[in-house]
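Working notes, beginning with the structure itself.
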Amino acid sequence: MDNNLKRYFAYRNRLDTYLYAMRVITIEGETIAPKKAYQERGEALSVLNNEYLALSLSDEFNDIIKNLEKNYDKYDEKIKRLIKLERKKYDLEKKVPINLQNKYVNLVNETQHFWHTAKEKDDYSIFEPYFDKLINKTLEIATYYGKTNGSYYNTFLDMYEEGITTEILDSFFNNLKENLVPLIKRISESNITIRDDFLNRKVSKKKQMKVADYILKTIGFDLSRGLLQESMHPFTDQLSKNDVRVTTHIYEDNFISNIYSCAHEGGHGIYEQNLNSKLPSIVKDACSMSIHESQSRLYENIIARSYEFTKLTYPKIQKLVKPVLDDVSLDEYYKAINKVSPSLIRTEADEVTYCLHVLIRYEIEKMIFNREITAKDIPSIWNQKYQEYLGVTVTSDKVGVLQDSHWAGGAFGYFFSYALGNAYSGQIAHYLTQEINFENLNNNTLKSIKKWLIKNIYQYGSLYPSKELIKNINNEEFNSKYYIDYLINKYKKIYNL
């Protein structure tokens, strides 16, 4: 290793230490920390973030990157990718004054606190003034970042998916609508009746946590290198590949929510636990949020909602929640967990209507960045779009505009990754099932699936952009047709279409 690389890795280690500390504080704020301590957490985060920014945006770090760039041609593709990623991040963040970035971190912490309160009390008005400040501060930062292909929003989208634009996403969502809306119509006209009354039977928190533990272990999440906790909104975060935090939220009258939250977040966690630590620095990080979501949606839906996985796990689930499912057959349970019914909650939506939930959020974000709306307008627009796209009436803020934590956390431009991740998962599953037989799925099959994902996805980290990573699997460009075909084929059987 030459001196330039040694200098870089020593400096990056210092930066990562600050990120580690800030993640610990943030995770605890979302899980076990006392609610009233949010101001102290904010103050600590502000100090740490100020120190981090001073280092990450220093002239010294810029010189380190420049020295690597001067020797660019002599490095292998891994170091070249590292240099490109560091330069892109440095140049973007350098545009925003440090004091503004610190104010933003404080504001996010405050906004998250009042989102929690507003959701608990089912009152958007508690959240609105802080959300309004956060939107305005985000738009102010956007003016420093500048436009990508004529749009501030594109700049934010690119942070989560390299090269993505509203033009690409508009075409993608239109394709989904053209294919899924007719499928939804056919399903609604089907004469098949699916029994699902048992899904709302009460299951205690104690029993549900045992189910959560079982699901995570079954799909391959390593609890010796991970942790399961509760939070207001399920999420996954990693401090290292040996410390990955997964959270769930328990509803005693909706035990299915916990099962598939764990499968979803467990998919994120498996990805984080199996990234290639031999890759240099930030290149070992996840490829993109869409690829990350492809893994969570792959495990949550294509695997965990499959008949084969259900057959494998249902006897144990029945035992763990006994006597709640004693009168429910395997086939009844399988059809119930795959029932298509337009609903209010994104995280509990069926596979067929799910992307419409994401489309609503994407369209609202476009309006925010076009300065067409403010925080006070969002609930009414949200409610209107749910009625228009899904035919459901929003009954409260808690199950409406307050249901997600993303905007409170400043994650503008993130939501599209769920829908794009779905499409990636369909294509990945198509290739995966060419090599691994799902028909007699068991614990060994699940281990083989994880090995295949490590070989084809996880080992590359962020060495390649998403679409290049997908193409490398089977020398084929990204194609949402695989996901659409998967849905059509699956639900044709369930609804006898």
Side-chain angles (χ1 to χ4, degrees), residues 157-177 179-180 219 236 260 263-272 274-275 285-306 346-347 349 351-359 361-362 413-436 438 449-450 452-490:
L157 295 175
D158 184 77
M159 293 178 190
Y160 296 108
E161 178 80 12
E162 188 175 347
I164 204 73
T165 64
T166 53
E167 183 180 11
I168 293 170
L169 287 175
D170 288 346
S171 176
F172 168 70
F173 278 115
N174 285 335
N175 184 41
L176 288 185
K177 281 196 294 184
N179 286 278
L180 296 185
I219 64 174
T236 300
Y260 292 99
H264 179 98
E265 300 303 337
H268 281 306
I270 290 169
Y271 188 11
E272 289 291 346
N274 292 282
L275 288 166
D285 294 342
C287 173
S288 70
M289 287 320 304
S290 294
I291 293 297
H292 228 312
E293 293 301 341
S294 78
Q295 298 311 291
S296 61
R297 300 296 283 175
L298 175 71
Y299 273 99
E300 176 190 0
N301 291 324
I302 296 178
I303 294 174
R305 290 186 194 270
S306 70
R346 173 186 62 83
T347 56
E351 289 182 90
V352 182
T353 62
Y354 180 89
C355 286
L356 296 180
H357 290 259
V358 178
L359 176 60
R361 290 152 175 78
Y362 168 68
Y414 182 106
F415 277 115
F416 80 89
S417 63
Y418 289 112
L420 192 56
N422 274 340
Y424 281 140
S425 75
Q427 190 161 355
I428 290 167
H430 173 77
Y431 298 143
L432 194 159
T433 52
Q434 303 301 302
E435 299 182 35
I436 299 173
F438 267 41
I449 288 171
K450 186 163 76 171
W452 188 95
L453 293 169
I454 291 171
K455 176 185 175 184
N456 290 281
I457 305 289
Y458 305 164
Q459 71 158 316
Y460 297 110
S462 57
L463 185 59
Y464 308 111
S466 300
K467 289 188 176 181
E468 191 173 337
L469 180 67
I470 293 296
K471 186 177 180 181
N472 287 345
I473 298 174
N474 204 40
N475 196 31
E476 183 178 12
E477 300 287 350
F478 165 66
N479 190 345
S480 59
K481 179 180 182 296
Y482 289 109
Y483 177 62
I484 293 166
D485 287 349
Y486 154 74
L487 290 177
I488 291 172
N489 292 332
K490 177 176 179 176

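All heavy atoms count here, side chains included; hydrogens, waters and symmetry mates do not.
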Would you compute the distance between atom [atom1] of [X] and atom [atom2] of [Y] and round it to the nearest 0.5 angstrom?
{"X": "Met289", "Y": "Leu157", "atom1": "CE", "atom2": "CG", "value": "13.5 Å"}
{"X": "Leu176", "Y": "Leu169", "atom1": "CG", "atom2": "CG", "value": "10.5 Å"}
{"X": "Asn422", "Y": "Ile484", "atom1": "CG", "atom2": "CD1", "value": "11.0 Å"}

Measure from the side-chain N and O atoms of [X] to the backbone N and O of [Y], and report whether any donor-acceptor pair falls under 3.5 Å.
{"X": "Ser296", "Y": "His268", "value": "no"}
{"X": "Ser306", "Y": "Ile303", "value": "yes"}
{"X": "Gln427", "Y": "Asn479", "value": "yes"}

Side chains of [X] and [Y], donor plus acceptor under 3.5 Å:
{"X": "Glu161", "Y": "Ser417", "answer": "no"}
{"X": "Asn179", "Y": "Asn175", "answer": "yes"}
{"X": "Glu293", "Y": "Tyr424", "answer": "no"}
{"X": "Ser466", "Y": "Ser288", "answer": "yes"}

Item checked: Distance-minimising heavy-atom pair for Tyr160 and Gly413 ->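 So the minimum-distance heavy-atom pair works out to CD1-O, 3.2 Å.
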Margin query: Suppose we screen for side chain to side chain contact (heavy atoms under 4.5 Å, CB included). Which residues come up paired with Ala429, at least two apart in sequence or across chains?
Written below: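 Ala429: side chain to side chain contact (heavy atoms under 4.5 Å, CB included) contacts with Leu298, Ile302.
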Margin query: Please list all pairs meeting salt bridge (Lys or Arg N to Asp or Glu O under 4.0 Å) that have one or both residues in residues 456-478, counting only residues at least two apart or in different chains.
Written below: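 Qualifying pairs, neighbours excluded: Lys471-Glu477.
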Check: Phe415 and Tyr362: aromatic ring centres closer than 6.0 Å?
Finding: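 Not under 6.0 Å, so no.
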Note to self: Check for me whether the distance between the ring centres of Tyr271 and His292 falls short of 6.0 Å.
What the structure shows: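 Centroid separation for Tyr271 and His292: below 6.0 Å.
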